[in-house]
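Only one structure is covered here, and it is reproduced in the block below.
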Amino acid sequence: MINLTINGKQIEVEDGTTVLNAARQNDIKIPTLCDHPNLTPYGGCRLCVVEVKGMRVPIASCTLPASNGMVIETETDSLKKSRNVILSLLFSERNHFCPFCQVSGGDCELQNASYDEHMTHWPMQPQWTNFPVDTSHPFFILDNNRCILCRRCIRACAEMSGNFTLGVEERGSATIVVADTNVPLGQSTCVSCGSCVQVCPTGALIDRTSAYLGHDKQMTVTRSVCRGCSLGCGIQIHTRDNRIVKITGDYEAENVGTLCKTGRFLSLDEKRTRLTSPMKRVAGQLTATSWDDALTTLAQNLSPLKGNIAALASTRLSVESLSAFKSLFADGLGSDMVTSIEEGRPTALQAKYVDQNGSAIEGKLDTLRTADCVLLIGADLTTTHEVAGFYIKRNMPKGTRLIIVDPHANGMDDLANINLKPKVGTDEAVFNALEAAVIKEGLARTAEKTSNVSLPDALKVCGLSEEDVTDAARMLAEAVAPVIVYGKGITTSSEASVMDAMLRVAKLIGASDSERRGILSVKGEANSLAAAQLGLDEQLEVRHEAVYVAVGDDYVTKRLVEKLEKVPYLVVQASYESALTEHAHLVLPVNIWAEEAGHALNTEGRLQFAEAALTAPEGVRSNLDVLNEVAKQLGVTVNEDWRTALTKRTSVVELEM
Amino acid sequence: MKFFRSHVLVSVDPECIEQGAYQIVDALNDELVAQGLIDEIQVLETSRLGDPVRFGPDLVVYPENVHYANLTVDDVPFLVEEHFLKGRVVEKFRAKETVITDDELGAPKAKEVRIVLRNCGKIDPHNIEEYIAEDGYQALANALTTSTPEQVIDEVMHSGLRGRGGAGFPAARKWQLCRQVPDNPIYLTCNADEGDPGAFMNRRVLESDPHSVVEGMIIAAYAIGASMGYVYCRAEYPIAVANLNVAIEQAREFGFLGNNIFGTDFSFDLEVRMGAGAFVCGEETALIASIEGRRGEPRPRPPFPAVKGVWGKPTNNNNVETYAVVPQILLHGADWYSAMGTEKSKGTKTFAIAGDVVNTGLIEVPFGLSLREVIFDVGGGIKDGKKFKAIQTGGPMGGCLVEEHLDLPLDYEALTAAGSMMGSGGLIIMDDETCMVDIARFFMEFTQEESCGKCTPCRVGTRRILDILEKICEGKGTLADIDRLELLCEEVMKNSLCGLGQGAPNPVVSTLKHFREEYIAHVIEKRCPAKVCRALINYEIKSPACTGCMVCARNCPVAAITGERRQTHVIDAKTCIRCGICVQVCNFNAVAVLS
């Protein structure tokens, strides 16, 4: 512990704490601009300078490690004068005319800092060279004329998404924030994660969707969970007048404020038509009707069929809804075809493995924070589950190595240390080859001396070279904390034995032992794991008289429509019009994700409660309500104990309920 | 084996033979036998010793290394009696060596003591053997085989050697701090970025005597336990870079770099890394960032490079000159070095004298010489008989000193106390036709251009300061501007992240202190007393001096001069661009500059 004095107050902090954080922990406010609690300190704006007894000049507190016996003053007249001058210099540097800016009036940290210093005007006349405004990006605009060169955006692009697109060009007063080698943002390597926009203290980065729609204090902020994929990142939904203005990352959740374009931007980019009234097919045409009539029609058509009803649910629905869905159709009606729209593609393989072997095999996303070598197989983390990719990318400059196994082009190919491109569908042989290579090189962490698999045979099947496989085996086995990340590329098309092969390799390289589970699968959508736990993971076979599809706000694929378009009686519970609803005989309008509170079980087995932030339009009901109502209509009692339902099956990853 | 106390090598070069070299050999042997010295002195035949036309027949006596020339057989008896029997060198037979002088350095001037510059121009930088012949790598051999690293540090500590890069921190103390950090590997860096405008001391040493730097670095590496070193050399010195690379390659061939140097378990290697045009990379943390492949921006300290430097490992950084002098200190001893200089500033320092003096260029003098001596003795006084006005020391981060400071010694503390600094050794001497406001503006323009842009005070502050200085030089300044100038200078000096920002306002502060009346004249009277600032001067043709020859009118690039033949010409002030060509071409001194 370190003991120091700030403004006469004796305080004690942990070793390694900066003076700024020491002050924050003790309710002493030191003004900052370039600092951000979730980014490495920069020490550039100089607003946080403090007087340290014995040091010749003021020192930036954000980068100064506290040491024993330090005596700090933060509110001397000299420091107040310096803050004033620094802010004046910033105002004079570029275009900081406030009236035209979307963050003016409370959301601009530069403006707020100057009000805190009781500034009433600019002492220095501004003089700047006009920089062109970059409007090439679909989601945000970069206006360098408002930039204070705090470099938060650059640090965020490096430390949150690990994309390293943003940087600076030129030096001194000609310094300018640029993308890549100064190309328009819209044509750069930017992946639209929006971390830069989230951390920008001024109005230099302008979010197109939310700009000018109100200040932060005019919005309602709801902490919730993103439904974009199975990672379940924590989000803050900002709403005003029952409309989502923007979505930001939750710094208190596992993703620590980082989001991807799907969660931050695409969820607001809705072009489909909303359903606001139940509809039934009359004389070949879908016509609006009342809920009473719709439900009566449903009872009339489905009651006689009893169990001859296939049922599909979207894995974007909440755990409560999925559990009710299963209880209604599988348990209550005894249907033999109750599954999810994903049909178990991202989860069935490993779920079945765990059924047989009895215990969890996967670990948490947190293992990626300390992984020094990652084997990424059967997953392209630049198209889905991007935040998992960010965990890997941002650690690579620190030395984390990446091995990619993908027969197709993978978005992270250019970053990988080793790229293995085996023949399609030969993942088991790849694992066998790695296993054999590890043992051959004598690098096994366990006592294995011989392997049951033959290296030459395995290589022949997968088509990789011995040299490449040996390099990969060596890199994995020599790593202190290796992690295997796998996805749909493995689970969709492989035999169950690929799991055995993977687990054997994991043990040999020390990825998986009694202390550590360095294996992760990214699975599919928000509640893919919940669906697997509820047994909603079979392949769809339609031979039924009726099919009930609880689509919710999910997208509908052509493949699904083709499977269902000839069904004699099709009931669709959905939020938006689609090709599926066009073929439906009965359509029931339901909430979208942000309108319905409920639980989500993410890929790490963590159960999270997602709050609702919006009120649904008149005429729309919640997914859960509708399912309960349908159950009532069909004389079925729904089992509401979804918690027990989730834990009945052994999960591939320890559940955190 | 027979031991002789002396060897005589007689040149039997064909030309010397023609002049009777063999006879000299025989005569020597006969005389040595006669004197009973034949068992103590051995006569040998050797190849050419010097130019036979000038010196032949000649010989050299070892171990005293005396070169006798133009001998005859008759000289031999006297030579043997005097030199070998009585032990006295015979001056009249001694070869008159011509002193090799380097074009750029010239012969050593009065009061110069060349230690760092001793080999410059005398040896071939591409030939390690010539360096070795000048006792090169001897110090390294002694240090590695007979001293411990602690003893090396001790010796350098006692010599009082202070870092020559500008800060003047005791070199050995820095080495010790680095050595004590319990981490590895340890790195060594040499700051060869030399960015001060007009400073070229390091360039000279790197180009002409790179091995002195290499040897110094290897010794320092041994002292601190480093295994790898980098010479960070600015890209604007391509010859220095090339010569360093040649030197390093040769040092490797000779086993002075690499594994197990001199058969000890000390291994060390060196690499040259080039800069890319940034003055700020002369700042040690920015230099380290550049070596790491990052943008050259300084980092906050603590942690200091001695603890966390290159790639987070302990690193010792010193200037070229600091390393270059280390082998000499070990060869001649700490006492020899500390006998030179002042109480706190020991040894010698190279300086680059520029400006309005007769002798500009590089010099090396012991600390303690007064500024007056440097300017008027070594520098030869102010050019063209003009008057001394000021001397800028320490480069763009230094301050100017005036008449009252001329008797100050060249000493770290003395210069800092007077409001300037030693810096890397640039001295710019200014005569009374220099405008001090313009000088301040010139230096601020430089530092503004070179600011890295990381911290607000330097990035924006120097820009605002420069704006005000430009405004004043254009005749648009106000008294409020001077107040603002003083405020900005104070704040930039206090709050900047690194030495560049902290020192950038120095020229402004010191010129304001010593030449405030010049600033006031610019602001209130719109007059430039030194008649330099273009916006504030006027050119006027005086009568009766003007003869109406029309030479000026013909040469004026903007046709601002009108006048008939034999009539006094007139310059139109609005068209005139103040280029000064008319003054140069007028044969009658009829053009006056007024302000």
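Reminder, nothing fancy here: chain letters follow the sequence lines and each chain counts from 1.
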Problem set entry | A:E14 atom CD, neighbour heavy-atom count above 12 within 6.0 Å | no

Exercise. Highest number of heavy-atom pairs under 4.5 Å with chain B: which of A:L33, A:L90, A:I59, A:L47?
Worked result: A:L90

For this session: Using side-chain contact (heavy atoms from CB on, under 4.5 Å) as the criterion, point out the one residue from B:R464, B:R463, B:R459 that pairs with A:L89.
Result: B:R464

Problem set entry | Which portion of A:T175 sits near chain B, non-hydrogen atoms under 4.5 angstrom | side chain

Problem set entry | Other residues, nucleotides, ligands: >12 heavy atoms within 6.0 Å of B:R273 CZ | yes

For this session: Check whether A:E51 gets within reach of chain B through its side chain, its backbone, both or neither, counting any heavy atom under 4.5 Å.
Result: neither

Exercise. So do the side chains of B:Q448 and A:S173 get within less than 4.5 Å of each other, counting heavy atoms only?
Worked result: yes

Problem set entry | Taking every non-hydrogen atom, the tightest pair across A:R46 and B:P457 | CG-CD, 3.3 Å

For this session: Examine whether an atom of B:R299 lies under 4.5 Å from a heavy atom of chain A, and if so say whether it belongs to the side chain, the backbone or both; otherwise answer neither.
Result: neither

Exercise. Taking the side chain as C-beta and beyond, is there a heavy-atom pair between B:N495 and A:V57 under 4.5 Å?
Worked result: no

Problem set entry | Region of A:S67 that comes under 4.5 Å of a non-hydrogen atom in chain B | neither

Problem set entry | A:K81 and B:L487, any side-chain heavy atoms less than 4.5 Å apart | yes

Exercise. Most heavy-atom pairs under 4.5 angstrom with chain B, which of A:A60, A:P123, A:S82?
Worked result: A:S82

For this session: Using a strict 4.0 Å threshold on nitrogen-to-oxygen distance, state whether A:R151 and B:E297 make a salt bridge.
Result: yes

Exercise. Contact part of A:P58 toward chain B, heavy-atom cut-off under 4.5 Å: side chain, backbone, both or neither?
Worked result: both

Seminar exercise, completed: If one checks every heavy atom of A:Q127 against chain B at 4.5 Å, the contacting part turns out to be both

Exercise. Tell me, do B:C455 and A:C45 make a side-chain contact under 4.5 Å, heavy atoms counted?
Worked result: no

Exercise. Quick one: are B:P300 and A:L64 in side-chain contact, heavy atoms under 4.5 Å?
Worked result: no

Problem set entry | Min side-chain heavy-atom separation A:R171-B:K454 under 4.5 Å | no

